[in-house]
Amino acid sequence: MHSAVFLIEFGAIILALGLLGRFAGRFQFSPIPLYLLAGLAFGEGGLLPLGASEEFVAIGAEIGVILLLLMLGLEYTASDLVSNLKTQYPAGLVDCTLNALPGAIAALLMGWGPVAAVVLAGVTWISSSGVIAKVLGDLGRLGNRETPVILSILVLEDLAMAVYLPIITALLAGVGWAAGSLTLAIALGAAGLVLFLAVRYGRLISRFVSSDDPEKLLLVVLGLTILVAGIAQQLQVSAAVGAFLVGIALSGEVAEGAHSLLAPLRDLFAAVFFVFFGLHTDPASIPPVLLPALALAVVTTLTKIATGYWAARRAGISVKGRWRAGGALVARGEFSIVIAGLAVAAGIEPSLGPLATAYVLILVIVGPLTARYTQPMAGYVSGLLARRAESGPAAGTARVPGPRETVESLDGQDAGDRS
């Protein structure tokens with residue numbers, strides 16, 4: 001009987017996701033917000049709470065994040081990663097400064113104390129690699145010139161989590177410097193080792209994984225990825241970082257074959273991940289913290305767009321690509337919830353969990369929209385300013401390009417945006 005209920009519940013979820021995906025595709029927007037709303041409907045306090053299939057959905061959600069980051073890693077080689085990290089580390093510093101400070105300041109203003117300030121700083125700082133990877137794929141931008149800039153910032157954030165999570169765990173537990181330092185050393189050593197193996201022995205790994213049989217290739221790549229992700233998480237390193245580095249280590253025909261085989265699995269489990277996120281959000285806990293969460297979301301949306309714009313400008317990307325990079329970085333997700341969950345479990349501040357949930361829910365819905373519409377909106381504002389200048393007092397002495405010419409000019413700058 002229990003298995004029958006499980007099959008009915010899980011089948012209903014998958015069917016609903018398929019229908020929502022078709023609906024979103026008809027109107028040409030990302031299905032992620034719809035998946036999240038479906039999770040709210042199926043979760044505790046929703047319309048149809050789940051029971052038997054919730055544990056399976058949780059496991060599927062973890063696999064979804066792992067596959068999203070693996071597929072993103074398959075797009076780039078180890079040399080690309082090292083080169084981007086060397087050139088983009090200033091963008092990581094700007095990212096941390098602009099986006100962590102609003103969270104820390106907000107916590108202090110609400111009187112939550114320094115530990116809660118460090119926690120909320122992490123919540124507002126880290127973008128959602130899973131959501132952004134899905135959005136970039138949905139919008140067909142994985143080959144754009146600004147995508148390596150976005151990827152570099154996400155990788156820097158994920159690697160920073162290898163340092164941040166042990167620190168915040170030690171702060172929440174109140175352990176001494178010795179125990180905290182040991183945990184941090186293990187995390188850094190594990191991350192460094194995985195990165196070294198990916199860069200130095202990537203060809204050998206690809207040769208080991210390679211197979212002419214699609215079934216064997218799928219099993220080996222999937223098994224290796226989940227194994228490395230699990231080991232990385234056990235060593236206090238993000239499972240997402242481990243999966244991403246496995247993708248980086250694979251190259252050539254192996255990467256192409258794995259990409260085509262894993263794409264359907266990624267789409268399935270990624271959708272399950274977004275539903276799972278919604279399942280753990282009680283709709284009744286959102287209204288009391290909605291206003292501060294909304295204010296924090298507005299501020300950090302602007303700071304993330306500024307971060308992406310600055311980083312893309314520094315990399316020589318055209319104006320349209322800069323706006324696309326900024327808009328793509330807005331979404332928050334899995335890491336923010338993990339960080340807030342640690343604080344809630346430690347009993348630091350009762351309102352921190354609902355605030356973080358509302359904040360992430362807002363930005364995980366707004367993020368796909370900013371990724372799609374930031375650059376067109378910037379073009380519209382640019383055209384509007386040009387129109388006003390054209391109708392101003394100096395219009396008779398100098399000709400100002402009109403909106404159409406402004407857009408054409410941007411298109412000309414954008415000619416090299418896709419590789």
key: Where Gly321 and Ala312 come nearest, the two heavy atoms and their spacing   = O-CB, 4.4 Å

Residue pair Ser127, Ile153: steps toward the side chain to side chain contact (heavy atoms under 4.5 Å, CB included) verdict = CA-CA 9 Å; Ser127 298; Ile153 294 174; 6.0 Å; no

request  = Report the distance from atom CG of Asp95 to atom OG of Ser152, rounding to the nearest 0.5 Å.
outcome  = 11.5 Å

inquiry  = Within the structure provided, determine whether Val360 and Ser128 are in side-chain contact (heavy-atom separation under 4.5 Å).
reply    = no

ask   = Which is it for Arg332 and Val123 under the side chain to side chain contact (heavy atoms under 4.5 Å, CB included) test, yes or no, and what are the steps along the way?
value = CA-CA 8 Å; Arg332 307 319 197 264; Val123 171; over 6 Å; no

key: Beyond-backbone contact of Val228 with Ile231, side-chain heavy atoms, under 4.5 angstrom   = no

query = When rounded to the nearest 0.5 angstrom, what distance separates CD1 in Ile132 from OG1 in Thr147?
reply = 11.0 Å

ask   = Would you call Val221 and Leu261 a side-chain contact if the rule is heavy atoms closer than 4.5 Å?
value = no

task = Could you tell me whether a side-chain N or O of Ser382 sits under 3.5 Å from a main-chain N or O of Ala378, the two making a donor and an acceptor?
result = no

key: Short side-chain to backbone donor-acceptor contact, Thr124 and Ala121, under 3.5 Å   = yes

query = Are the side chains of Ile305 and Trp323 in touch, meaning some heavy atoms are under 4.5 Å apart?
reply = yes

task = Verify the neighbour count for atom CG of Leu109: are there more than 12 heavy atoms of other residues, nucleotides or ligands below 6.0 Å?
result = yes

message = What's the separation between atom CG in Leu329 and atom OG1 in Thr370, rounded to the nearest 0.5 Å?
response = 9.0 Å

inquiry  = Could you walk me through whether Val115 and Val118 satisfy the side chain to side chain contact (heavy atoms under 4.5 Å, CB included) test, starting with their C-alpha distance in whole Å, then the side-chain angles of each, then the deciding distance to 0.1 Å, before giving a yes or no?
reply    = CA-CA 5 Å; Val115 176; Val118 176; 5.8 Å; no

inquiry  = Does any part of the side chain of Leu68, heavy atoms only, come nearer than 4.5 Å to the side chain of Val131, both counted from C-beta?
reply    = no

query = Can you name the nearest heavy-atom pair linking Ser351 to Trp112, along with the distance?
reply = CB-CZ2, 3.8 Å

inquiry  = Quick check for you: to the nearest 0.5 Å, what is the distance between Leu101 atom CG and Trp125 atom CH2?
reply    = 11.0 Å

request  = Report yes if the side chains of Leu154 and Ser129 come closer than 4.5 Å at any heavy-atom pair, otherwise no.
outcome  = yes

ask   = Do Leu355 and Leu120 have side-chain heavy atoms sitting under 4.5 Å apart?
value = yes

inquiry  = Could you walk me through whether Ile150 and Arg141 satisfy the side chain to side chain contact (heavy atoms under 4.5 Å, CB included) test, starting with their C-alpha distance in whole Å, then the side-chain angles of each, then the deciding distance to 0.1 Å, before giving a yes or no?
reply    = CA-CA 11 Å; Ile150 299 170; Arg141 294 182 183 174; over 6 Å; no

inquiry  = Once rounded to the nearest 0.5 Å, what's the spacing between atom CD1 of Ile362 and atom CG of Leu294?
reply    = 5.0 Å

ask   = For the atom pair CD1 (Ile317) and CZ (Arg322), what is the distance rounded to the nearest 0.5 Å?
value = 8.5 Å

inquiry  = How close do Leu98 and Ala306 get, counting heavy atoms only, and between which atoms?
reply    = CD1-CB, 4.4 Å

key: Pro102 to Leu296 - nearest heavy-atom pair and separation   = O-CD1, 3.7 Å

ask   = For the residue pair Ala243 and Ile66, what are the closest heavy atoms and their distance?
value = CB-O, 3.4 Å

query = Any side-chain heavy atom of Leu268 sitting closer than 4.5 Å to one from Ile14?
reply = yes

task = Please determine, by modelled atom types, if Thr300 and Asn99 share a side-chain donor-acceptor pair under 3.5 angstrom.
result = no

Of all pairs that satisfy side chain to side chain donor-acceptor pair (under 3.5 Å), the ones with a partner from residues 254-267, not counting sequence neighbours = Glu75-His259

ask   = Between Val94 and Thr307, which heavy-atom pair has the shortest distance, and what is it?
value = O-OG1, 4.4 Å

key: Arg314 atom CZ, over 12 foreign heavy atoms within 6.0 Å   = yes

